[in-house]
Amino acid sequence: MESNNYQPSAIESKWQQIWDDGNVDQTDHTSTKPKFYVLSMFPYPSGNLHMGHVRNYVIPDVIARQKRMQGYRVLHPMGWDAFGLPAENAAIERGIHPATWTYQNIAHMRSQLKKLGLSIDWNLELATCSPKYYRWTQWIFLKFYQAGLAYQKDGMVNWDPIDLTVLANEQVDGEGRSWRSGAIVEKKALRQWYFKITDYAEQLLTDLDQLAGWPEKVRLMQANWIGKSIGADLEFPIVGSSEKITVFTTRPDTVYGVSYVVLAPEHPLTAKVTTPDQTAAVDTFITEVKQQSEIDRTAEDKPKRGVATGAMAINPFTGAEVPIWIADYVLYEYGTGAVMGVPAHDVRDFKFAKQYQLPITQVIAPANQEIGEPLTAAYTDSGTMINSSQFDGLDSVAAKTAILDDAEQKSYGRSKIQYRLRDWLISRQRYWGTPIPMIHCPKCGVVPVPEADLPVELPEDIAFTGKGGNPLASLDSWVNVSCPSCGTPAKRETDTMDTFVDSSWYYLRYPDATNNDRIFNTDLTNNWLPVNQYVGGVEHAVLHLLYARFFTKVIRDFGGEDNGKTKFLNFDEPFTQLLTQGMVQSTTYKNTQTGKYIAPGSIVDPNNPRDPDTGDTLEVSFEKMSKSKYNGVDPEDVLAKYGADTARMFILFKAPPEKDLEWDDADIEGQFRFVNRLWKLVTSFTSISTSASGELSKVEKDLRRSIHIAIQAITEDLDGEYQFNTAVSELMKLSNALTDAGCKDSPTYAEGITTLLLLLAPFAPHLAEELWQIIGHTDSVHSQSWPQLDETALVADEITLVIQIMGKTRGTIQVPTSSDRVALETYAKESSIFHKYAEGKEIKKVIIVPGKLVNFIIA
Ligand code: ANZ
Ligand code: ZN
């Protein structure tokens, strides 16, 4: 027998080494077992593991380990989302090459991850910054280009003034700030590369129906982001011009109520229609609007401002002339960049009309409106058509179609579906990213790098001055090439790709991550995908998850290796189930006067926390762990103190996976004590002294029941619902039942200990393995089958029988479940309750409810 003290550090490093040497987590590609692909969103190699990572990687590991025990072949890989700005900033600040910095961080974080005892197949590890990987990112780009899905466009783009690069719309938050630097994003006119995600808008929307295994919230966010609007384009001729203004509207039923037409200030027609007397006013207004963010322009609570162009347009339905305005609330990027103003039925138009004294003509009447009563606010619901010529009296919903049909017939309108989703801007003016494999030739224009010349590698010898701009653009030896098509001196594209491109397809590569001849063997990828269970942060609800879904669909449509007869991929959606885990938070102290965060270690009296410097009282709250708030808990410290198994058990026990987790030192101590109790319980189990004999005793039956309740509950908790917290409490219950069991030398007790270790294995893999060996096994606990539920063991073999005298409950007794009426009456009469209340009395009647109660009616 081993040492009697639980020593996690010794046990954990020993088993990690053994597992590593035995390559036990190598992926089984060949067996006929059903597959299970479990994946966590791969980390950015920032340098150190934080608690959020620990949670993100422990959850899939429990799933992977249990699925293997349940007879699945499991794919559980890991990699690195390794391109990005911090590496470049480190190069500028510390003179260390981004590649060196990144690979050092990867090495360190890999060793940290290994300390968690994760059952990852490290043979499949990939890093997006490796030319072996980004070669295929570039290959995908070329395929996109061939398919017309990658293109260059001049446009107003989001410019991050801190990181000095452009951003995709998805990377600008609701307040107009960069997702990375937090800077207020500016608009800048630049020629950039885009992916045509809008071609897939409809599929991205309708296929959300296939994602029943995703949180409803995430599906809704994606649907809103795609933002489908069903409406119409209507044409308003300009008075005295051959040109027309095309407006996009979702409410053709309101067209008889148009009192003006509005162009976005950036609309090309603005300059054309503006009359000389209005030119100065229009120019001033345009300059003002340029300084406003998109958010300010469209915010509900902001006043709507505009200016008349002096020109008039004709409402094609009424023939009436209406003024043409420009206004800040009309965006050039959406629809046609022009709107028909219907103040009576649109909130923004109502405000605008009030401000500028434009007429308000009601064309839809609510059921309860008094005749002649003026509107005090826009009426935006449906109703009965009024003031609308031949459509009067129609229901407005029906009128939508009728008016649109009329417009189509007379050729001044057509139905239109409009999406809010914009094409994905992927150019970045940075070094540390995948080079866009394109060449600009003065003769041929834009020429793709031939596939055989991939990868276009990042030059290593390059200066990081921090002076702004893309370092790649300054390296002539790299930029200057000859055109692959005509040989003329040409220049490489110096933009690199948004790092979200790298992470849009990595999950497809894992099944065949080391393939250097092809992006992957499609048989392998089609066999393993879709990912059965994906785990990651909800912050990616739109960005990464939308892009990854888009990539899956485009790559699917590349056409198979049989000359495109089949599809390249045989699935539509990459992630069947999605678990978005909550944040790891901890106690945060903030000075109520200065707003500064205070390190918990410097607080003298935790019951009356005060700033050690100023004496001010501190506000105490739970917030996401972060360096700037001094509330981080370093996983290394926790592992050193308690070991990985306790850390894993604590994280799983403390909160359901999708909820935020509040770090608590007392709770991890508690978990450590539980792990120590398990150790004592199992190490003091020696061997069974009696062999199985026919009937089990009552204590054995009770224990067996506890064992199978645990099997049932934990299996259910893990099966898709992933209620790890209740699963851990079931382990605690079973451990208590074994501790208290009065049959420690019985085969049932041995069954209990064995089952406990099998159920524990996914949660505390080292501890379970060590104890498994201690009780005499020579094989691994992780290669055992998941324990089977014996339903018959769940049935309690005693029931509680209520004893009543004259219908009044006097007490209960335990009787065998199998008791018939006669037996129930006998047990009841022999009970002390009967003796106490009915001894010697004449029994007039006995009422028996089998399995429940016996009621004595006495004289
Ligand atoms: C007339 C009208 C009358 C409208 C009415 C609404 C209510 P969603 O659902 O977001 O697609 N619109 C169209 N293009 C715009 C632009 N570039 N900038 C600002 N607003 C724009 O909204 C479509 C509606 O938003 C359109 O329908 C249009 O106003 C406005 F009682 O047309 B509506
Ligand atoms: Zn050329």
Side-chain angles (χ1 to χ4, degrees), residues 201 223-234 236 245-267 269-270 289 294-295 297-300 302 304 306 315 317 322 325-353 360-366 375 377-383 385 388 396-397 399-400 403-404 407 413 415-422 438-450 480-492:
N224 288 340
W225 190 264
I226 296 163
K228 182 177 182 176
S229 286
I230 298 171
D233 276 351
L234 300 178
F236 286 65
I245 296 174
T246 306
V247 302
F248 171 68
T249 178
T250 47
R251 297 292 305 275
D253 51 325
T254 64
V255 75
Y256 285 82
V258 172
S259 11
Y260 57 98
V261 171
V262 202
L263 298 171
E266 303 90 337
H267 198 293
L269 282 175
T270 301
V289 172
E294 193 163 302
I295 312 296
R297 284 175 61 170
T298 49
E300 282 284 324
K302 291 269 159 56
K304 310 284 165 259
N315 184 336
F317 287 84
V322 291
W325 283 65
I326 61 172
D328 56 357
Y329 71 92
V330 176
L331 300 176
Y332 182 50
E333 306 275 295
Y334 188 71
T336 59
V339 171
M340 59 184 213
V342 187
H345 303 290
D346 181 84
V347 176
R348 292 173 305 180
D349 295 345
F350 190 86
K351 276 193 191 171
F352 192 77
I360 300 176
T361 312
Q362 190 180 354
V363 291
I364 294 167
L375 287 175
Y379 176 71
T380 57
D381 273 347
S382 57
M385 301 290 290
S388 298
S396 66
V397 177
K400 250 188 198 179
I403 289 181
L404 184 55
S415 66
K416 167 138 169 232
I417 289 170
Q418 175 68 43
Y419 299 91
R420 196 177 96 83
L421 184 68
R422 308 282 77 179
M438 287 287 165
I439 291 167
H440 300 275
C441 168
K443 287 194 183 149
C444 318
V446 181
V447 182
V449 171
N480 295 324
V481 285
S482 48
C483 169
S485 176
C486 72
T488 306
K491 291 195 185 299
R492 283 194 189 285

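What you see is a predicted model; the values in this text were computed from it and never measured. Whatever order the structure lists them in is the order used to number ligands and atoms, beginning at 1.
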Flag for Asp349-Tyr329: side-chain donor and acceptor within less than 3.5 Å: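 The criterion, which ignores hydrogens and geometry beyond distance, is satisfied for Asp349 and Tyr329.
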
- At their closest point, which heavy atom of Ile326 faces which heavy atom of Phe352, and how far apart are they?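 Ile326 and Phe352 have their closest heavy atoms at O-CZ, 4.4 Å.
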
Would you tabulate the polar-atom pairs, meaning N/O of ligand 1 against N/O of the protein, with distances under 3.5 Å, reported to 0.1 Å?
{"unit_1": "ligand 1", "atom_1": "9 (O)", "unit_2": "Ser229", "atom_2": "OG", "d": "3.3"}
{"unit_1": "ligand 1", "atom_1": "11 (O)", "unit_2": "Ser229", "atom_2": "OG", "d": "2.5"}
{"unit_1": "ligand 1", "atom_1": "11 (O)", "unit_2": "Tyr334", "atom_2": "OH", "d": "2.6"}
{"unit_1": "ligand 1", "atom_1": "17 (N)", "unit_2": "Leu331", "atom_2": "O", "d": "2.7"}
{"unit_1": "ligand 1", "atom_1": "17 (N)", "unit_2": "Tyr334", "atom_2": "O", "d": "2.9"}
{"unit_1": "ligand 1", "atom_1": "18 (N)", "unit_2": "Leu331", "atom_2": "N", "d": "3.0"}
{"unit_1": "ligand 1", "atom_1": "20 (N)", "unit_2": "Arg348", "atom_2": "NH2", "d": "3.3"}
{"unit_1": "ligand 1", "atom_1": "27 (O)", "unit_2": "Thr249", "atom_2": "OG1", "d": "3.4"}
{"unit_1": "ligand 1", "atom_1": "27 (O)", "unit_2": "Thr250", "atom_2": "N", "d": "3.0"}
{"unit_1": "ligand 1", "atom_1": "27 (O)", "unit_2": "Thr250", "atom_2": "OG1", "d": "3.3"}
{"unit_1": "ligand 1", "atom_1": "32 (O)", "unit_2": "Thr249", "atom_2": "OG1", "d": "2.7"}

Review point. Would you call the rings of Tyr332 and His267 parallel, tilted or perpendicular if under 30° counts as parallel and over 60° as perpendicular?
Key: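 The rings of Tyr332 and His267 stand perpendicular, inter-plane angle above 60°.
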
Q.
Strictly distance-based, threshold 3.5 Å: is any side-chain N or O of Thr336 a donor or acceptor partner for the main-chain N or O of Thr246?
A.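 Yes, because the side chain of Thr336 sits within donor-acceptor range (under 3.5 Å) of the backbone of Thr246.
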
Would you confirm whether Ser259, through its side chain, and Ile360, through its main-chain N or O, come within 3.5 Å as a donor-acceptor pair?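 Pair absent, no side-chain N/O of Ser259 close to backbone of Ile360.
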
[X] side, atom [atom1]; [Y] side, atom [atom2] - distance, nearest 0.5 Å:
{"X": "Leu234", "Y": "Leu404", "atom1": "CG", "atom2": "CG", "value": "7.5 Å"}
{"X": "Thr254", "Y": "Lys400", "atom1": "OG1", "atom2": "NZ", "value": "9.0 Å"}
{"X": "Tyr419", "Y": "Lys228", "atom1": "OH", "atom2": "NZ", "value": "4.5 Å"}

Item to complete: Verify side chain to side chain contact (heavy atoms under 4.5 Å, CB included) between Val342 and Arg251, making sure each step is shown before the conclusion.
Response: CA-CA 9 Å; Val342 187; Arg251 297 292 305 275; over 6 Å; no

Original post:
Listing by chain and number, what protein N/O/S atoms are under 2.8 Å from the Zn ion (ligand 2)?
Top reply: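 Counting only protein N, O or S atoms under 2.8 Å from the Zn ion (ligand 2), the list reads Cys441 SG, Cys444 SG, Cys483 SG, Cys486 SG.
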
